[in-house]
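Both ligands and their constituent atoms are indexed starting at 1 by order of listing. Atoms considered below: every heavy atom in the structure, side chains included; atoms not considered: hydrogens, waters and symmetry mates. FYI, the numbering just counts along the sequence from 1.
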Amino acid sequence: MKIRKLKAGDASKFFDVRLMGLREFSHAFGRSADEFQKQTLDSIADQIETGVSQGNFILGAFNDEDELLGVVGFLKQPGEKVRHTAILWGMYVIPQARRKGVARELIKEFIAEVRKHEEIEQIKLTVESGNLSARRLYESFGFEPFGTEPRVLKVDGKYYHEDHMMLRLKNSGN
Ligand SMILES: CC(C)(COP(=O)(O)OP(=O)(O)OC[C@H]1O[C@@H](n2cnc3c(N)ncnc32)[C@H](O)[C@@H]1OP(=O)(O)O)[C@@H](O)C(=O)NCCC(=O)NCCS
């Protein structure tokens, strides 16, 4: 397995994997599959390129056949007062590649990449409160829950809560 940052040329593979995730776990992600699939591949390629030019990235895990098995996204916060916190988003591994350590490798690499950004002191994410697999994964890297936002998502008339989690990379401050 190879982990690397996605490039504009990976737009088609990213589109397929992300859409699969949004369809399979509509209550795990804020974006709806219908909204997402209205985008063209060109616009996705643009978003990847723009993200990279702003210091953001999406990590992809590829097998020997260069198939994309899983992804995780990194988003910087540009504001002066919030740029010490980065966001982890879009963690997803395709069903046939699960429970083989793909997510673990992605997050390991993600944290190593984030540590290269001197100004970033902590990583935050949200996880649907009933998603115990993902929560265990994050906890195993030291992410700690710090609150629950009720009724964040409404999917087919049902409400879902989200837990906020944070990993502190540096122990400075309170
Ligand atoms: C959660 C998810 C990313 C895990 O990916 P994965 O590649 O199967 O995970 P790994 O094999 O690397 O497992 C790493 C750890 O995650 C946890 N985990 C993963 N799947 C689990 C499951 N089905 N049940 C319990 N714990 C699980 C375990 O702690 C595991 O460590 P272990 O194998 O030592 O027990 C994957 O199941 C997925 O894409 N789910 C749907 C989308 C989603 O929920 N994304 C998160 C949005 S916040």
Side-chain angles (χ1 to χ4, degrees), residues 1-6 10-37 39 44 47-48 51 56-77 85-115 120 122-156 158-169:
M1 186 171 55
K2 184 179 171 193
I3 309 272
R4 66 165 172 81
K5 290 181 185 172
L6 298 192
D10 298 308
S12 167
K13 288 178 186 176
F14 176 68
F15 180 84
D16 291 346
V17 167
R18 178 86 170 137
L19 186 58
M20 193 187 294
L22 297 179
R23 282 193 178 134
E24 187 194 359
F25 278 90
S26 55
H27 56 281
F29 301 109
R31 195 84 186 267
S32 91
D34 286 348
E35 283 166 352
F36 181 77
Q37 68 179 341
Q39 299 176 100
I44 297 207
Q47 286 165 41
I48 294 174
N56 295 314
F57 60 80
I58 301 166
L59 284 183
F62 293 84
N63 65 12
D64 293 343
E65 285 73 46
D66 213 32
E67 291 163 336
L68 185 56
L69 307 177
V71 290
V72 63
F74 164 83
L75 187 64
K76 287 169 101 171
Q77 301 200 93
T85 303
I87 292 171
L88 181 156
W89 64 273
M91 174 84 246
Y92 180 70
V93 172
I94 62 172
Q96 55 274 36
R98 285 192 195 139
R99 303 280 4 213
K100 295 175 182 159
V102 174
R104 186 169 294 291
E105 285 306 310
L106 278 167
I107 295 198
K108 210 188 285 176
E109 187 62 29
F110 181 96
I111 292 171
E113 273 298 320
V114 175
R115 283 191 186 280
I120 296 179
Q122 50 202 35
I123 304 168
K124 68 177 180 179
L125 59 83
T126 56
V127 53
E128 190 263 310
S129 299
N131 189 348
L132 297 183
S133 317
R135 188 175 163 132
R136 276 195 199 121
L137 167 71
Y138 300 135
E139 281 174 343
S140 72
F141 281 92
F143 281 85
E144 291 180 1
F146 64 89
T148 301
E149 188 173 352
R151 293 162 61 101
V152 184
L153 301 179
K154 187 178 178 184
V155 184
D156 297 331
K158 190 170 176 222
Y159 295 96
Y160 293 89
H161 313 323
E162 277 184 352
D163 295 338
H164 293 254
M165 299 187 85
M166 180 177 287
L167 174 66
R168 286 183 70 164
L169 302 171

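For atom 2 (C) of ligand 1, no protein heavy-atom neighbour is present inside the 4.0 Å cut-off. Atom 29 (O) of ligand 1 is approached by the protein to below 4.0 angstrom, counting heavy atoms only.
Close approach to K100 involves these atoms of ligand 1, each under 4.0 Å from a residue heavy atom: 11 (O). Listed by number with element, the atoms of ligand 1 under 4.0 angstrom from any heavy atom of V102 are 7 (O), 12 (O). Set against the non-hydrogen atoms of T126, the atoms of ligand 1 under 4.0 Å away are 48 (S). Within ligand 1, the atoms closer than 4.0 Å to a non-hydrogen atom of M91 are 3 (C), 42 (C), 43 (C), 45 (N), 46 (C), 47 (C), numbered from 1 in the order shown.
With sequence neighbours excluded, no residue forms a salt bridge (Lys or Arg N to Asp or Glu O under 4.0 Å) with R104.
Note: F74 and F57 have parallel aromatic rings, judged against thresholds of 30 and 60 degrees for the angle between ring planes. Taking the six-membered ring where tryptophan is involved, the planes of Y92 and F29 are perpendicular, since the angle between them exceeds 60° and thus also 30°.
Among all protein heavy atoms, the one lying closest to atom 39 (O) of ligand 1 is V93 N, 2.8 Å. Of the protein's non-hydrogen atoms, R104 NH2, 3.6 Å is the one closest to atom 34 (O) of ligand 1. Here the protein heavy atom with the shortest distance to atom 37 (O) of ligand 1 is R98 CD, 3.3 Å. Looking only at protein heavy atoms, the nearest one to atom 42 (C) of ligand 1 is Y92 CD1, 3.7 Å. Atom 16 (O) of ligand 1 has its closest protein heavy atom at L137 CB, 3.3 Å. For atom 17 (C) of ligand 1, the closest heavy atom belonging to the protein is S133 O, 3.5 Å. Distance from atom 48 (S) of ligand 1 to its nearest protein heavy atom, with residue and atom name: Y138 OH, 3.3 Å.
Salt-bridge annotation for K158 and E128: absent, with no side-chain N of the basic residue lying under 4.0 Å from a carboxylate O of the acidic one. R136 and E139 are not joined by a salt bridge, as no carboxylate oxygen comes within less than 4.0 angstrom of a charged side-chain nitrogen.
Scanning both residues, I3 and A61, for their nearest heavy atoms gives CD1-CB, 3.7 Å. Residues A134 and V127 share a closest heavy-atom pair of CB-CG2, 3.9 Å. Considering every non-hydrogen atom in both D10 and L6, the closest pair reads OD2-CA, 3.3 Å. Residues I48 and A11 approach most closely at CD1-CA, 4.0 Å, considering heavy atoms.
You'll find the side chain of E67 stays beyond 4.5 Å of the side chain of Q96, heavy atoms only.
In this structure, W89 CH2 and L125 CG are separated by 13.5 Å, a value rounded to the nearest 0.5 Å.
Considering backbone and side-chain N/O atoms, A103 comes within less than 3.5 Å of an N/O atom of ligand 1. When only interatomic distances are considered, the shortest N/O to N/O separation between L132 and ligand 1 does not fall below 3.5 Å.
Using a non-hydrogen distance threshold of 4.0 Å, G101 registers as a contact of ligand 1.
Within the 4.0 Å heavy-atom criterion, neither part of F141 lies near ligand 1. When non-hydrogen atoms are compared, ligand 1 lies under 4.0 Å from the side chain of F25 (C-beta onward) but not from its backbone. With a 4.0 Å heavy-atom cut-off, ligand 1 is reached by no atom of S140. Residue contacts with ligand 1, taken as heavy atom pairs separated by less than 4.0 Å, involve N131 solely via side-chain atoms from C-beta onward.
Among M165, E105, R99, the residue whose heavy atom lies closest to atom 32 (P) of ligand 1 is R99. By heavy-atom distance, the residue among E162, R136, E128 lying nearest atom 25 (C) of ligand 1 is R136.
R31 forms no cation-pi arrangement with F36, by the criterion of a distance under 6.0 Å to the ring centre and an angle within 45° of the ring axis.
Counting heavy-atom neighbours within 6.0 Å of E144 CD, excluding the residue itself, gives a total of 12 or less.
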